Amino acid sequence: MKGAGLPVKGHRATLILSIAMLVLTAVLNQPLMGWVMLMMTCATVIRFYLFRAGQTQKLSARLVNLLAVLACIALAWFSGQQGLLEIMVNLLVTGCALKLLILRQSKDFLQLTACAFFLIGCAFIFEQALSTAILLSIIVLLLLLGLQHLFAPQLAFKKQLSAIVKLGLQALPIACLLFIVMPQLPPLWGMPAGKSTQTGLSESMTPGDIASLTRSTERVFTATFKGDIPLPEQRYWRAMVLESFDGNTWSVSEYRQQQQIMAQFANPATWSEPNGNWDEYQMIVEPDGNQWLYALNVSVPANRSTAGKVIRNQDYSLSARQPVMSKQLFDLRYYEDAIRPLSGTGIDHKLNLQVPASQKNPRARDWARQLRQRYNDNHALTNAVMRYFANQGFSYTLTPGAMPQHPVDTFLFEQREGFCAHYASAMAYVLRETGIPARIVSGYQGGEAITQNALSVYQYDAHAWVEAAPDGKTWQRFDPTSMVAMSRLQYGFQQAMADQQAEVPLFSRARARDSALLGGLFSMIDTVNYQWSRWVLGFDDERQQDMLSGILGEKTTTKLALFGLAVMLFITGLLALYFIPKPAARQTDEIQRLYDSLSARLHKLTGVERANLSARQYLHTVAPHLDSQTFALFERFTAQYEEIRYVPAATQRSHYANLRSQHRILMKKLKAGMVGFRASPLTDAKGK
Amino acid sequence: MFGRLRNRLLLRWLAARIPGHRRHTLNMQSVFIMPTRFGVYFFVLCAALFILGTNYQNNLLLLLCYFFLSVSLVALFTSYQNFARLQIQARGVNTVYAGDEAQFQIQLSSHSHQQPAGQLTIRWWGHKHGIVVDLDEKADEVHLPRATYRRGVFPLPRVTFSSQYPLGLFKCWTHLDFAQPMTVFPRLEPASIHNVSYQQSNGNGATLVAGQEDFDSLRAYREGDPIARIAWKSLARGAEPTVKTFSEPANFNTRLIINPVSQTLEKDISQTAYLVVELTRRQQPFALQIGPLHYTADTGRAHRDKCLRALSTIGTQV
């Protein structure tokens, strides 16, 4: 088999492989570049042509090598735009397409299949939706089918298919069992992250830019609460704290970034627990290739497994140790009323009183100085700023004009139109100018309940607000946007933006509110996806431990060993069930069965084997061993048997019934014992 | 050197494990199973998927990895089960002259109600290449060619059967001994009947030329008479079938003699074999003497084969 050339024309295995490759490429469309997909399509089309027409002219190796070189150059050219992971996948797909062109030997076929198997694994990194998983499972079956076709080319297609489906169904329970009991390890080492999709939050925020992120309907995460869902006013999901301001742009301060890198190596055990009531919730975070996480107020990891994956930052935000490349589960505990003190080292003061050195936003600074003179008390001053937004004709819009110069001044005193970033930016700057530590927190606000205690947060829920410390000791949340768009806070983005619905594309989630049917459909899909995320994608070592301790109770070495043994036995039992040879199916031919049972009985009693004798011959052979009565019965039976067998007209019900009754009588007689039987001397000799 | 020793030890071990039989039913005892090269790569792939899945904390990747492992586990059993359904029976080897290709006939069937599937590779022990049989095509009898070089009676070597069905992850194989002898007649070397025979005849003058040409008389046909000698002309006229007889004095038989210690023994054997075949074709009786061994004069195919077998075993133990 090895090294054997494959036929080209009409080779179905190759065709199946090509089709599987094409579908796989289509599923992998996210990381793939257009021309790579085109190449695979061309290769498949050529394969299809070869399947129909046979090889007319051999593709020269030189041409394919040239193509390969060109493809490598193109990949290197585009590599700047993509992450390492994407480049690797592109390279692999390109290689597969080229190999498909020159597939000639079974060795090539096997290599390609192995590559395709690996690519399916890669596809799971990029996409983990239930629908994708089903599609990829079908591709796996297709590839297995192709493999089997290679080794059994003449087997009928139906049998091929049933054999492969059977194989898959037999393997599935074992795979699931392994998945449940095999230890879930922490990441062994860092893996190349893909280029993060730029739809979500970013580490810097320039309020003068036009908002686009609020239109995206992508899900960011789903949170499932042990208790009730918090009230809409409390759903401030903190993601990042922006403390550095240059007059236009707010960004994460370099000091914090350094701190975060340091924290990667810190021991989680040294964390202190805040005081107060807490509630547990579970986050299923969609992969976006970023490290930041989303946490309510003060949140801490709720268990060991999450603690291993999470870094607690000094600004009370949480980040993942690794960029979130696949759907992940975090168990968190949030302290509803916990206070957030400023750091004792004064670093918070230093960072959050920093104002740009350049002469930007001079009017805002003057206004801040006036406020400082008017209000001695910090709290009163902060309230005054909030009131200013409420009273001075500000309005909320997603499409404010651009403010390239002095954005805070322009917003506060000229345009008075903007969204959360504008409000937060202006307020934080003014507070800093008055000497109150202030910073911007970006994250999400709100969320849509999908079950009684779970809610999903989408990209359009992105929000920014202010944290300030009027008393100089603890951080407090201020949301200036709420002064102008209270509805956004209370009912979520969708309601608040009802007047801007016209711009939302048809069939989008945002549109779904208008139609009960569409809404029901979306909510059903949401629920299915949610359960999929929770139970399959979110299965981690913590859940595994829970499950095991649920089964085993307290874990001891003996119990674990016994459990391992039980699992092994279960798998062995399954395999035995599949493969222990079953007794041949009962003969459907009734008269044959009747005759066989009789002859077997006679063989046992007389020792005369029927072997290859015909019914008539056997009758005569066995005759010397039977008494006259039994012989007569057997003769009649044989005659009836022969009649049914060889006279077509005799195959009637009455004959059958006749034969059956004769069989019964004869059997009874034979069972009565050895009376009247002469054991042949031959039998004795054989018996020994 | 080492290879040969290993081969010998392996064969001895196999002789104890799978003794020779005309008919073989495959079972645990006789079937070997190991991952193929592709199977090994497949396990490497599973390991890669496991690492990838663990490092990206991706459960679907892990699930895929475990699924592949389970598939290979199930495939292990499937391939064994499929292979063990085979029942293989030797149908014998046709006799050939040295240098020709002998055909070993093997009958493949199934002892279970299910038929084995997939491609089956059949090759001689130690050979790299063999023939590929698709078990899904209804081919009951398979011919495995074997090249011959020397005359003699040889035991057939073991035959290796292997299959990679269903997924090529595992290879099942067995080495079967069918306990079949293979007789290889001597190579034929054309020799002039006159020259050679005269040299080899035992001084009995005109032994060889006799019998064939001189028509003697007609006699009534008896069963077993050669068809060529029937007097077709008289038969066509409607007479009783008669047979032409030729003048064949009893002591006028051709006698072929071989001296086992001759310098040109192989050549003598080849030429004598040619004469045996040629004389049989002419239906001319002949006797054969190999050293002290003597085969009385006769004619016919059975006599020819007996003589050829005798010639092929000269100097061998059998």
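So you know, we letter chains A, B, ... as the sequences are listed, proteins then strands, and number each from 1. What you see below is based on every heavy atom in this structure, not just the backbone, and it leaves out hydrogens, waters and symmetry mates. These numbers were taken from a predicted model, which means no experiment stands behind them.
- A distance of 5.0 Å separates CZ in A/Phe117 from CZ in B/Phe42, rounded to the nearest 0.5 Å.
- Counting non-hydrogen atoms of neighbouring residues, nucleotides and ligands closer than 6.0 angstrom, the CZ atom of A/Phe570 reaches no more than 12 such neighbours.
- The contact list for residues 61-69 of chain B toward chain A, using heavy atoms and a distance under 4.5 Å, reads B/Leu61, B/Leu62, B/Leu63, B/Leu64, B/Tyr66, B/Phe67, B/Phe68 by residue number.
- Taking every heavy atom of both residues into account, B/Gly118 and A/Ala152 meet most closely at CA-CB, 3.5 Å.
- Heavy-atom distances place the side chain of A/Ile571, and not its backbone, under 4.5 Å from chain B.
- Of the residues considered (B/Leu167, B/Leu45, B/Leu73), B/Leu167 shows the highest number of contacts with chain A, using heavy-atom pairs under 4.5 Å.
- Rounded to the nearest 0.5 angstrom, B/Tyr41 OH and A/Cys115 SG are separated by 12.0 Å.
- Within the model, atoms CD of B/Gln119 and CG of A/Leu150 stand 7.5 Å from one another, a figure rounded to the nearest 0.5 Å.
- Within a 6.0 Å radius of CZ in B/Arg146, more than 12 heavy atoms belonging to other residues, nucleotides or ligands are found.
- The distance from atom CD of B/Gln81 to atom CD1 of A/Ile580, rounded to the nearest 0.5 Å, is 10.5 Å.
- In this structure, the portion of B/Phe50 lying under 4.5 Å from any heavy atom of chain A is its side chain and not its backbone.
- Residue with the most contacts toward chain A among B/Leu49, B/Thr78, B/Leu120, B/Val44: B/Thr78 (heavy-atom pairs, distance under 4.5 Å).
- In this structure, A/Ala133 and B/Leu60 approach most closely via the heavy-atom pair CB-CD1, 4.4 Å.
- For chain B, the option among A/Pro153, A/Ala123, A/Pro173, A/Cys122 with the highest count of heavy-atom pairs below 4.5 Å is A/Pro153.
- No more than 12 heavy atoms of other residues, nucleotides or ligands sit less than 6.0 Å from atom CZ of B/Arg150.
- Proximity to chain B is absent for every atom of A/Leu574, based on heavy atoms less than 4.5 angstrom apart.
- Note that CD of B/Gln115 and NZ of A/Lys159 are 8.0 Å apart. Values are rounded to the nearest 0.5 Å.
- Heavy atoms closer than 4.5 Å to chain B are found in the side chain of A/Val140, but not in its backbone.
- Contact detail for A/Leu155 and B/Ala117: the closest heavy-atom pair is CD1-CB, 4.1 Å.
- The CD1 atom of A/Ile125 sits 6.5 Å away from atom CG of B/Asn58, with the distance rounded to the nearest 0.5 Å.
- Considering all non-hydrogen atoms of both residues, B/Ser70 and A/Ala171 come closest at CB-O, 3.3 Å.
- Every residue two or more places apart in sequence or in another chain that forms a side-chain contact (heavy atoms from CB on, under 4.5 Å) with A/Gln544 is listed here: A/Gln184, A/Phe539, A/Asp541.
- Classified by interplanar angle (parallel below 30°, tilted 30° to 60°, perpendicular above 60°), the ring pair A/Phe579/B/Phe77 is parallel.
- Listed here is the closest heavy atom pair of B/Phe38 and A/Ala114: CE1-CB, 4.3 Å.
- Proximity to chain B (any heavy atom under 4.5 Å) is shown, for A/Gln170, by both the backbone and the side chain.
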Start with the C-alpha gap between A/Phe124 and B/Leu52, add the side-chain angles, then the distance that decides, and say whether side-chain contact (heavy atoms from CB on, under 4.5 Å) holds. CA-CA 10 Å; A/Phe124 278 131; B/Leu52 212 61; over 6 Å; no
